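The shown structure was predicted, so the numbers you read here are calculated from the model rather than taken from an experiment. Naming convention: chains lettered A, B, ... in sequence-line order (proteins, then strands); numbering from 1 in each chain.
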Amino acid sequence: MAEQTVSAPGADERLLKTPLSRKLLNRPELGAVAGAVLVFFFFGIVAGDSGMFSLKGIVNFLEVSALLGILAIAVSLLMIGGEFDLSVGSMIGAAGVVIAIPAVQFGWPLWLCIVLAFGVAAAVGYANGMITVKTGLPSFIVTLAVLFILRGLTIGATRLITGRTQVSGIRDVARDDWLAAIFGGDAFTGLFAWMAEAGIIEKRMDGLPVVPGVPMSIVWFVILGTLATWLLLRTSFGNWIFACGGDKIAARNVGVPVTRVKVLLFIFTACAATLVATIQVLDAGSADTNRGLLKEFEAIIAAVIGGCLLTGGYGSAIGAMFGAIIFGTVQMGIFYTGVNTDWFKVFLGVMLLIAVLFNSYIRKKVTEAR
Amino acid sequence: MAGQPLAELRDASKFFGSVIALKDISMAVSAGEVMCLLGDNGAGKSTLIKILSGVHAPSAGHMLVEGREVRFKSPREALDAGIATVYQDLAMVPLMSITRNFFMGREPTRGSGVLSRLDTAFADRVAREEMHKIGIDVRDPTQAVGTLSGGERQCVAIARAVYFGAKVLILDEPTSALGVSQASMVLRYIAQARARGLGVIFITHNVHHAYPVADAFTLLNRGRSLGTFRKEEVSREEVLNMMAGGKELDQLTAELEEFSRADGASPQGT
Ligand SMILES: Nc1ncnc2c1ncn2[C@@H]1O[C@H](COP(=O)(O)OP(=O)(O)OP(=O)(O)O)[C@@H](O)[C@H]1O
Ligand SMILES: [Mg+2]
């Protein structure tokens, strides 16, 4: 603040020149980006020679980050819009069996099962949104109820139909499915094969590259993050999201269709959970009714580390992406350094506390007269 | 200006649960007319204009825009019909920038379809220009509204309504936080809007603001209308009395004189 100087004549004389550092400080994602750099730096030193930052290691922790990040991006938009969705974790489990049971038990084509799962997700998101908006109840409570209902339904129905809580055998039906190809497997396999051939990346004993390509989860993560950021900052709908979360009565009074915005955001979080479920089911070749447990909190933590305010109206999708990257990096980093993974939870809690304190400080800066 | 009213309420009532906020109100505003709504705190003025701006649906009665019966389901429909409002609570989001608040709900875009995007350069320019017209030099249109002074915030809300109001402009106590020059600018705006053929509904507790610009006065008392008076029919003093209930004001003057006498008599420092 000391380096501020009075601006040249012509501009408003009451306006101090804003230094770049101050402008950056006003960005919601600053904390998360700084945190990610710090975390990379830390594990670069501590786990530098453990293989964590080899190509395979990087792809590993990015994949973990991406699966959480897909959720966190959607959750951050919803949080900016002023609501929570605690049912995303259960939605992952539910979507998994909605894909697996018809595909394995009833012999449906896989693409149809995936379409069905997204349809169910849209319905769940619509219900979450309509109940929240029409009753005026806190979404925290509404989606907490849905968390239990969905999980219970998933376990109950799966046991009823299959007699177990796991459904395997997806690999066989996924092999030639055209839709499965955009959710599972790897992208840029040709490029990676060529790079291995050219000696740019390492080869395995059998001559294939160590990493076959970029996992589809990472591709989706980047695509969704880019789209969400564009939506937030460059479209009318993005402006409406901020408005709904900032003050929904004011937003409604000036013509923002608050109900539509909130319902669409709930549908988006449920669909993001289904995307994660689809990727996991194809990756593991099976569905498990317990998948996605506690993911709702991890996604909220990533969004908060990324600068989202719990009260809504402020935050960023890029921030949530970096929040998820911090999450994934630390999780894998602790694994690579050989520290007991119990400590990961301690780290998470501390991280969350720091992020919330930092955010509330930033919020004061933004709203109060400087 | 004669002819059909731009916006009209017929026997409109509004109940909030068991609270009767408005009962059988009839009121109209024509093109090129400034209708001033008068009444005590809690008389129902804000409730009345919220019916016109689509925030509340009337519990009973009819609402007409240019002679056609309408039923707004949301403020968006009222805005689409050309009715723009400055709400008493301003309808601003403190965390959002001046520009984003100015265009909230009606964002200018470039491109079409999926490539449709905010025209931020245009929006910043318009927000700054419109604020300049009202007499506020915006330092930085990307500044959060939460950092503005109360009067500056009120000016953003007024500039926004003036910019988007196509047929009817509703102002609910727009001058309450304004300095002398900004308040007179708002009165000038109201006169300009009338000259352009808009209908204006203006709520204020300040007779010096109401009397110079109004063409007619509608008086509300405890949710009921005490009638509409043309300006020719009433003097400034009568309007003032209508605002406060004349007797109370006389009484107050007497009481104040009493105080000043007592002040003069008592020694200082007690
Ligand atoms: N949403 C609501 N629910 C219940 N009662 C309400 C609601 N809105 C207004 N009222 C009641 O209706 C009455 C009229 O309120 P209104 O805001 O219209 O008064 P006003 O004339 O604008 O007053 P002021 O001059 O103080 O702005 C008040 O008694 C108020 O308590
Ligand atoms: Mg009022």
Side-chain angles (χ1 to χ4, degrees), chain A residues 7 10-18 22-23 26-28 80-82 227 229-261 307-309 311-315 359 362-370, chain B residues 50 53-56 72-80 83-97 99-111 114-120 123 128 136-140 142-150 152 157 160-161 164:
Chain A
S7 64
D12 196 307
E13 78 283 359
R14 294 163 304 175
L15 192 61
L16 297 169
K17 234 194 202 109
T18 344
R22 182 58 157 276
K23 268 192 186 143
N26 278 343
R27 302 288 325 147
I80 297 170
L227 285 181
T229 301
W230 157 272
L231 189 77
L232 267 183
L233 300 180
R234 285 285 168 267
T235 68
S236 308
F237 194 82
N239 209 34
W240 297 351
I241 296 175
F242 283 112
C244 287
D247 185 338
K248 66 170 188 274
I249 295 174
R252 193 179 112 85
N253 283 356
V254 295
V256 174
V258 174
T259 306
R260 177 147 52 102
V261 172
C308 287
L309 289 181
T311 43
Y314 193 74
N359 288 352
I362 292 285
R363 200 257 288 264
K364 279 212 189 78
K365 279 216 113 85
V366 174
T367 46
E368 282 171 10
R370 279 169 268 200
Chain B
K50 279 180 181 166
S53 54
V55 175
H56 297 317
F72 295 140
K73 283 202 274 310
S74 70
R76 191 173 188 87
E77 292 182 10
L79 275 161
D80 289 340
I83 300 175
T85 307
V86 179
Y87 296 94
Q88 195 167 9
D89 62 10
L90 304 182
M92 291 273 149
V93 178
L95 281 165
M96 286 165 70
S97 71
T99 306
R100 279 179 178 264
N101 265 288
F102 194 99
F103 287 96
M104 185 161 65
R106 311 194 89 67
E107 295 80 4
T109 53
R110 282 193 302 166
V114 288
L115 282 178
S116 154
R117 60 203 180 276
L118 291 183
D119 193 343
T120 41
R128 181 179 246 138
I136 304 276
D137 269 314
V138 171
R139 280 160 264 195
D140 172 11
T142 62
Q143 185 183 354
V145 158
T147 63
L148 295 179
S149 77
E152 285 173 324
R160 175 174 71 185
F164 288 111

Heavy-atom nearest pair, B:A161 first then B:V86, reads CB-CG2, 3.5 Å
Heavy-atom cut-off 4.5 Å, strictly under: side chain, backbone, both or neither for B:S74 against chain A? both
Does atom CD1 of A:I249 have more than 12 heavy-atom neighbours from other groups under 6.0 Å away? no
Would you check if the side chain of A:R252 reaches a backbone N or O of B:V55 as a donor-acceptor pair within less than 3.5 Å? yes
With a 4.5 angstrom heavy-atom cut-off, could you sort out which part of B:M96 is near chain A: side chain, backbone, both or neither? side chain
With chain A as the partner, which of B:L118, B:L90, B:T120, B:T109 has the greatest number of non-hydrogen pairs under 4.5 Å? B:L118
Let me see the working for B:R117 and B:E107 under salt bridge (charged side-chain N to carboxylate O under 4.0 Å, His left out), right down to the final yes or no. CA-CA 9 Å; B:R117 60 203 180 276; B:E107 295 80 4; over 6 Å; no
Quick one: of A:L233, A:T235, A:D247, A:V258, who has the most non-hydrogen atom pairs under 4.5 Å with chain B? A:T235
Heavy-atom pairs under 4.5 Å with chain A - which of B:M104, B:R160, B:R106 has more of them than the others? B:M104
Nearest heavy-atom neighbours spanning B:P75 and B:Y87: CB-OH, 4.2 Å
Quick one: what part of A:L231 sits under 4.5 Å from any heavy atom of chain B, side chain, backbone, both or neither? neither
